[in-house]
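Data first, discussion second: the structure below is written as structure tokens.
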Amino acid sequence: VQLQASGGGLVQPGGSLRLSCATSGFSLDDYAIGWFRQAPGKKREGVYCISNVDGSTYYADSVKGRFTISRDHAKNTVYLQLDSLNPEDTAVYYCAADPSRMYRDACLVLDYHYRYWGQGTLVTVSS
């Protein structure tokens, strides 16, 4: 199982980015997929995730209406669309995957439960 996150960069407040998580070694439907972020000096937090129980998605309140998660099964890739970015979104963003069945918002809050992680991609929101 491998995950590789990409798409980060420097963007002005109000701007957009699309992060990609290219995966291999498993089926996207069989694994819970999560996007997490960690800002300097802060704890890692769940941003968005897809449950492998029923495909439901869950997100942090701080990104409601601004971020969107999606999957492309043909490309084995998970995307995180980031819109209306603000400086508080500055962080290293990680994608993660785990075969355990994660019910409801477990895929968002149980970051320590994920077995596989990508290397992270830095998002900097600044003018």
Side-chain angles (χ1 to χ4, degrees):
V1 172
Q2 292 186 327
L3 300 91
Q4 184 169 357
S6 62
L10 174 63
V11 62
Q12 292 187 341
S16 297
L17 284 174
R18 189 177 76 161
L19 306 183
S20 299
C21 179
T23 74
S24 62
F26 65 96
S27 169
L28 292 181
D29 289 335
D30 294 336
Y31 278 52
I33 305 291
W35 281 99
F36 299 85
R37 68 185 180 185
Q38 188 166 21
K42 294 187 177 181
K43 293 177 57 178
R44 186 171 60 197
E45 63 172 342
V47 177
Y48 228 121
C49 71
I50 301 175
S51 168
N52 56 344
V53 173
D54 57 4
S56 295
T57 60
Y58 299 88
Y59 51 84
D61 288 342
S62 59
V63 307
K64 182 180 180 180
R66 302 188 299 120
F67 293 7
T68 306
I69 196 170
S70 62
R71 294 180 291 187
D72 185 330
H73 288 81
K75 296 183 178 180
N76 293 318
T77 299
V78 181
Y79 300 100
L80 185 67
Q81 178 68 37
L82 286 60
D83 296 320
S84 302
L85 285 161
N86 58 61
E88 290 70 37
D89 297 316
T90 295
V92 178
Y93 284 71
Y94 301 88
C95 58
D98 194 272
S100 303
R101 293 174 68 80
M102 296 196 187
Y103 292 84
R104 297 187 180 181
D105 65 350
C107 62
L108 188 67
V109 299
L110 299 183
D111 60 324
Y112 55 85
H113 203 70
Y114 281 82
R115 190 175 312 176
Y116 304 103
W117 290 82
Q119 83 284 11
T121 185
L122 176 62
V123 172
T124 303
V125 185
S126 176
S127 55

Rounded distance [0.5 Å steps], NZ in Lys43 versus CZ in Arg37: 14.5 Å
Gap between atom CG of Leu122 and atom CD of Gln38 - 0.5 Å precision: 12.0 Å
Main-chain N/O of Gly14 paired to Ser84 side chain as donor or acceptor, under 3.5 Å: no
Trace of the side-chain hydrogen bond (donor to acceptor under 3.5 Å, both in side chains) decision for Asp72 with Thr77: CA-CA 5 Å; Asp72 185 330; Thr77 299; over 6 Å; no
Smallest separation among heavy atoms of Phe36 and Ala96, with atom names: CE1-CB, 4.1 Å
Six-ring centre of Trp117, Arg44 cation under 6.0 angstrom, axis tolerance 45°: yes
Step-by-step side-chain hydrogen bond (donor to acceptor under 3.5 Å, both in side chains) determination, Asp29 to Ser27: CA-CA 5 Å; Asp29 289 335; Ser27 169; 4.6 Å; no
Rounded distance (nearest 0.5 Å) linking atom OH of Tyr103 with atom OG of Ser51: 8.5 Å
Transitive ILVMFWY side-chain link Ile69 to Tyr114, under 4.5 Å: no
Worked check of side chain to side chain contact (heavy atoms under 4.5 Å, CB included) between Val78 and Leu28: CA-CA 8 Å; Val78 181; Leu28 292 181; 3.9 Å; yes
Interatomic distance, Gln12 atom CD to Thr124 atom OG1 [nearest 0.5 angstrom]: 13.0 Å
Other residues, nucleotides, ligands: >12 heavy atoms within 6.0 Å of Gln2 CD: no
Pairwise side-chain contact, Pro13 with Asn86, heavy-atom cut-off 4.5 Å (strictly under): no
Hydrophobic cluster membership, Leu108 vs Trp35, 4.5 Å side-chain cutoff: no
Pairing residues for Arg101 by the salt bridge (charged side-chain N to carboxylate O under 4.0 Å, His left out) criterion, not counting sequence neighbours: none
Aromatic ring proximity, centroids under 6.0 angstrom, Tyr116 and Phe26: no
Shortest non-hydrogen contact between Gly8 and Leu19, atoms and distance: N-CD2, 3.6 Å
Between Asn76 and Thr23: side-chain donor-acceptor atoms closer than 3.5 Å: no
Ser20 side, atom OG; Leu80 side, atom CG - distance, nearest 0.5 Å: 9.5 Å
Residues Ser100 and Asp98: side-chain donor-acceptor under 3.5 angstrom: yes
Euclidean distance, Gln81 CD relative to Arg66 CZ, rounded to 0.5 Å: 12.0 Å
Taking every non-hydrogen atom, the tightest pair across Cys95 and Ala5: SG-CB, 4.0 Å
Co-membership, hydrophobic cluster, residues Tyr94 and Ile33, 4.5 Å side-chain: no
Worked verdict on Leu10 versus Ser126 for side chain to side chain contact (heavy atoms under 4.5 Å, CB included): CA-CA 7 Å; Leu10 174 63; Ser126 176; 4.2 Å; yes
Hydrophobic cluster identity match, Val123 and Leu3, side-chain contacts under 4.5 Å: yes
Closest non-hydrogen atom pair between Ala60 and Gly46, with its separation: CB-O, 3.4 Å
In one Ile/Leu/Val/Met/Phe/Trp/Tyr side-chain cluster, 4.5 Å: Ile50, Val1: yes
Residue pairs fulfilling ring-ring contact (aromatic ring centres under 6.0 Å, His included) with at least one residue in residues 53-93, sequence neighbours excluded: Tyr48-Tyr59
